[in-house]
Amino acid sequence: MWGFRSPEELEETGASALVAEPAELLPLFERGLLNVDALTRAFTSRGFAFSYFPTANEAARYIVSACAGKSVALGGSMTFKEMGFQEAFADSTEVHWHWVTKGEYYQTPDIYLTSANALSESGEAVNIDGTCNRVAGTLYGPKQCMFVCGINKLCPDLASAVERARNVAAPKNAQRLGTRTPCAADGKCHDCKSPARICRALVVHMGAPKGFEKCEIVLVGEPLGY
Ligand code: SF4
């Protein structure tokens, strides 16, 4: 057991120099060391491929290699932005990202890259979307889909993963976008009915969709995105 019980204790170790939200790491310390074998079983038993990389740099190298020579599309993702994409892709890879080319949504690439708002240790991926191009790309159309998630998004079970998506990820995205929603003001979900609501679909991947040649979960042992 690591013994960190409060954000203040983590702050004293200098954690804020490494991660933006040290408090997000507390559940990981409470649960103890990562059991990669158990996670691998949880996801692969549901038809996902599963890979774990301790660092974002290792994961980025793996993703770039997997995408070489293929057409690639990205959903909106702070995770990929923090990992240095689109710059990380070699010139030989055809990349479509609407964060780079505004208004361009390419839904039938060889590989669709996205993160998830949360993963469960029971092997599910949870995403909330507004425009819904991102969740659409994870359901049907591309040949392959790859979810890339930092360790801060791993939750003990499906209920806590949905809770994270609704009450952590969505409010932070609303704050990033500056939406006129109550969560942008106080960081909590109010299940608003605002016209500016960014939560229009809640998608739980209970298994790898049948239409994909491969649907992979890539877990990174560092906090990424939100
Ligand atoms: S439902 Fe409304 S209040 Fe809740 S996170 Fe989404 S936009 Fe914010």
Side-chain angles (χ1 to χ4, degrees), residues 2 4-11 13 15-32 34 39 42-43 52 56 59 74-83 99 113-135 138 146-194 196-206 217-226:
W2 295 68
F4 297 113
R5 304 211 178 280
S6 69
E8 291 72 26
E9 282 183 44
L10 273 169
E11 294 280 354
T13 69
S16 58
L18 301 173
V19 295
E21 303 279 355
E24 277 210 348
L25 297 175
L26 286 174
L28 300 175
F29 291 123
E30 285 166 13
R31 294 210 304 281
L34 198 62
L39 287 170
F43 283 102
Y52 172 74
L74 285 84
S77 169
M78 287 303 295
T79 293
F80 279 94
K81 191 173 179 187
E82 289 176 12
M83 290 177 79
W99 278 15
L113 298 177
T114 182
S115 188
N117 294 136
L119 299 175
S120 73
E121 290 184 8
S122 43
E124 291 113 338
V126 179
N127 264 309
I128 288 175
D129 207 350
T131 303
C132 296
N133 64 296
R134 184 168 61 96
V135 293
T138 68
M146 191 183 283
F147 293 96
V148 180
C149 294
I151 195 71
N152 50 316
K153 296 185 175 179
L154 185 63
C155 302
D157 51 29
L158 178 57
S160 56
V162 171
E163 169 74 10
R164 183 187 196 284
R166 297 194 70 178
N167 286 297
V168 177
K172 285 186 176 177
N173 273 314
Q175 289 174 332
R176 172 178 60 84
L177 295 166
T179 57
R180 294 171 66 86
T181 56
C183 59
D186 67 5
K188 296 175 191 157
C189 178
H190 298 262
D191 195 19
C192 71
K193 304 300 180 289
S194 164
R197 177 176 171 130
I198 63 166
C199 307
R200 305 287 174 137
L202 170 63
V203 173
V204 177
H205 278 67
M206 298 178 285
I217 308 287
V218 176
L219 181 65
V220 182
E222 296 178 358
L224 288 168
Y226 40 77

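These numbers come from a predicted model, not from an experiment. Computed from heavy atoms alone, side chains included, the values below leave out hydrogens, waters and symmetry copies.
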Is there side-chain contact between His205 and Phe43, with at least one heavy-atom pair below 4.5 Å?
no

Of the non-hydrogen atoms in Ser122 and Leu158, which two are nearest, and what is the gap between them?
OG-N, 3.9 Å

Smallest separation among heavy atoms of Pro171 and Cys189, with atom names
CG-N, 3.9 Å

Scanning both residues in full, the closest heavy-atom pair of Cys132 with Arg200 reads SG-CB, 4.3 Å

Taking every non-hydrogen atom, the tightest pair across Asp191 and Arg197
OD1-NH1, 2.9 Å

Short side-chain to backbone donor-acceptor contact, Thr131 and Asn133, under 3.5 Å:
no

Separation between OG1 of Thr79 and CD of Glu222, rounded to the nearest 0.5 Å:
11.5 Å

Can you tell me if CZ on Arg180 sees more than 12 non-hydrogen neighbours from other groups inside 6.0 Å?
no

Between CD on residue Gln175 and CG on residue Asn173, distance to nearest 0.5 Å:
9.5 Å

Gap separating the OG atom of Ser77 from the CE atom of Met83, nearest 0.5 angstrom
9.0 Å

Atom pair OG/CG of Ser115 and Asn117 - distance to nearest 0.5 Å
7.5 Å

Residue that, paired with Thr114, satisfies side chain to side chain contact (heavy atoms under 4.5 Å, CB included) out of Asp129, Thr138, Val148
Thr138

Is there a donor-acceptor contact under 3.5 Å from the side chain of Asn127 to the main chain of Val135?
no

Could you grab the distance from atom CG of Leu119 to atom CG of Asn152, nearest 0.5 Å is fine?
10.0 Å

Identify the residue among Leu39, Leu219, Val218, Ile217 that makes a side chain to side chain contact (heavy atoms under 4.5 Å, CB included) with Tyr52.
Leu219

Looking at NZ of Lys193 and OG1 of Thr181, how far apart are the two atoms once the value is rounded to the nearest 0.5 Å?
13.0 Å

Determine the minimum heavy-atom distance between Arg176 and Tyr226, stating which atoms define it.
CD-OH, 2.7 Å

Lys188 to Asp186 - nearest heavy-atom pair and separation:
N-OD1, 2.9 Å

